[in-house]
Amino acid sequence: MSIRELKIKTGVVNRTYKELLSYRKEAVTQQHRIDSLIEKGEDFHTIRKQKEVLEETNQMIPDNQQRLAKARQELTELLQNLEAKADVSILESEEYDAAKKVLDLVESH
């Protein structure tokens, strides 16, 4: 286990978490767009297509949550293994601190 592996797993958790936030934000935005189209009395076809877009976005959220849970678990296990080895050079590294911060951020949401 190396700092490189720690950086990679931290990056995966961070990227997947950002993707999840993006999908959630997109779903809210898309719902507002649909509501606006309905209020304006747009045609059925346009509204239906926008609902399909919203449905596709909503389908991505559970998949993303599963990938995030798996990545978070892998990073947590890696940190536990590193802590068990008590390698000071890694435990005092910026990468280790970054990994802990990312896990704290993800677990707080």
Side-chain angles (χ1 to χ4, degrees):
M1 287 172 256
S2 66
I3 287 183
R4 182 175 183 272
E5 185 178 2
L6 185 59
K7 283 174 96 171
I8 291 169
K9 291 191 183 295
T10 300
V12 170
V13 171
N14 196 29
R15 184 183 67 249
T16 308
Y17 177 67
K18 286 180 181 180
E19 285 176 10
L20 178 60
L21 293 180
S22 176
Y23 281 123
R24 287 178 178 169
K25 182 178 179 183
E26 183 180 337
V28 169
T29 302
Q30 189 64 25
Q31 184 60 55
H32 288 306
R33 184 177 296 132
I34 292 167
D35 294 342
S36 175
L37 290 172
I38 291 171
E39 285 178 18
K40 291 178 183 177
E42 291 289 332
D43 66 281
F44 175 75
H45 177 72
T46 303
I47 294 170
R48 184 176 53 133
K49 283 297 181 187
Q50 293 302 313
K51 285 183 178 180
E52 288 174 10
V53 171
L54 176 62
E55 198 172 301
E56 288 174 10
T57 300
N58 285 332
Q59 289 175 355
M60 292 302 297
I61 292 173
D63 174 60
N64 192 272
Q65 287 172 326
Q66 289 174 349
R67 288 186 296 119
L68 178 59
K70 181 181 178 199
R72 189 178 75 205
Q73 180 63 34
E74 288 176 2
L75 181 57
T76 300
E77 289 172 3
L78 177 61
L79 288 175
Q80 289 171 346
N81 290 338
L82 292 172
E83 290 165 359
K85 288 185 176 184
D87 184 349
V88 177
S89 66
I90 292 178
L91 297 179
E92 293 180 353
S93 68
E94 291 179 25
E95 291 81 3
Y96 180 82
D97 290 339
K100 290 293 242 181
K101 286 178 185 174
V102 167
L103 282 178
D104 289 343
L105 176 66
V106 170
E107 290 174 3
S108 69
H109 285 97

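All values below were derived from every heavy atom in this structure, side-chain atoms included, with hydrogens, water molecules and symmetry-related copies excluded.
Atoms NZ and CD, on Lys51 and Gln31 in that order, are 8.0 Å from each other to the nearest 0.5 Å. Asp63 contributes atom CG, which lies 10.5 Å from atom CG of Leu20 (distance to the nearest 0.5 angstrom). Atom CG of Leu82 and atom CD of Glu5 lie 8.0 Å apart (nearest 0.5 Å). Interatomic distance, OG of Ser2 versus CD1 of Ile8, reported as 7.5 Å (0.5 Å rounding). One distance of note links CG of Asn14 with CG of Leu75; it measures 10.5 Å at 0.5 Å rounding. With values rounded to the nearest 0.5 angstrom, Lys7 atom NZ is found 5.0 Å from Glu95 atom CD.
Here the closest heavy-atom approach between residue Leu91 and residue Ala86 is recorded as CD1-CA, 3.8 Å. Between Ala99 and Leu6 the shortest heavy-atom distance is CB-CD1, 3.8 Å. The shortest non-hydrogen separation linking Leu103 to Arg72 is CD2-CG, 3.4 Å.
Grouped by direct or indirect side-chain proximity (heavy atoms under 4.5 Å, Ile/Leu/Val/Met/Phe/Trp/Tyr only), Ile47 sits with Ile34, Leu37, Ile38, Leu54.
Within 6.0 Å of atom CZ in Arg48, more than 12 heavy atoms from other residues, nucleotides or ligands are found, so the atom counts as buried in its surroundings. More than 12 heavy atoms of other residues, nucleotides or ligands shown are found within 6.0 angstrom of CD on Glu52.
Residues Glu77 and Asn81 have side chains that never bring a donor and an acceptor to within less than 3.5 angstrom of each other.
Applying the side-chain contact (heavy atoms from CB on, under 4.5 Å) test to Ser36 and every residue at least two apart in sequence or in another chain returns Lys40. The side chain to side chain donor-acceptor pair (under 3.5 Å) test applied to Gln65 returns no partner, not counting sequence neighbours. In this view, Glu83 and Tyr96, Lys100 satisfy the side chain to side chain donor-acceptor pair (under 3.5 Å) rule, not counting sequence neighbours. Remark: Thr16 engages no residue in a side chain to side chain donor-acceptor pair (under 3.5 Å) (not counting sequence neighbours).
In this structure, Lys101 does not pair ionically with Asp97, as no charged nitrogen and carboxylate oxygen lie closer than 4.0 Å.
The ring-ring contact (aromatic ring centres under 6.0 Å, His included) analysis of residues 17-44, with sequence neighbours excluded, yields the pairs Tyr17-His109.
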*Assess whether side chain to side chain contact (heavy atoms under 4.5 Å, CB included) is satisfied between Asn58 and Ile61, documenting all intermediate values.*
CA-CA 5 Å; Asn58 285 332; Ile61 292 173; 4.0 Å; yes

*Before giving the answer on side chain to side chain contact (heavy atoms under 4.5 Å, CB included), spell out for Glu26 and Met60 the whole-Å C-alpha distance, their side-chain angles and the decisive distance to 0.1 Å.*
CA-CA 11 Å; Glu26 183 180 337; Met60 292 302 297; over 6 Å; no

*asked:* The test is side chain to side chain contact (heavy atoms under 4.5 Å, CB included); show your working for Lys49 and Val53 and say whether it passes.
replied: CA-CA 6 Å; Lys49 283 297 181 187; Val53 171; 5.8 Å; no

*Check the pair Thr57, Gln30 against side chain to side chain donor-acceptor pair (under 3.5 Å), reporting the backbone distance first and the verdict last.*
CA-CA 9 Å; Thr57 300; Gln30 189 64 25; over 6 Å; no

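In this structure, Leu105 is a member of the same hydrophobic cluster as Leu21, with clusters built from ILVMFWY side-chain heavy atoms closer than 4.5 Å. Hydrophobic clustering, with ILVMFWY side chains joined whenever heavy atoms are under 4.5 angstrom apart, keeps Val12 apart from Val102.
In this structure, Glu42 and Gln50 have side chains that are not in contact, with every pair of non-hydrogen atoms separated by 4.5 Å or more.
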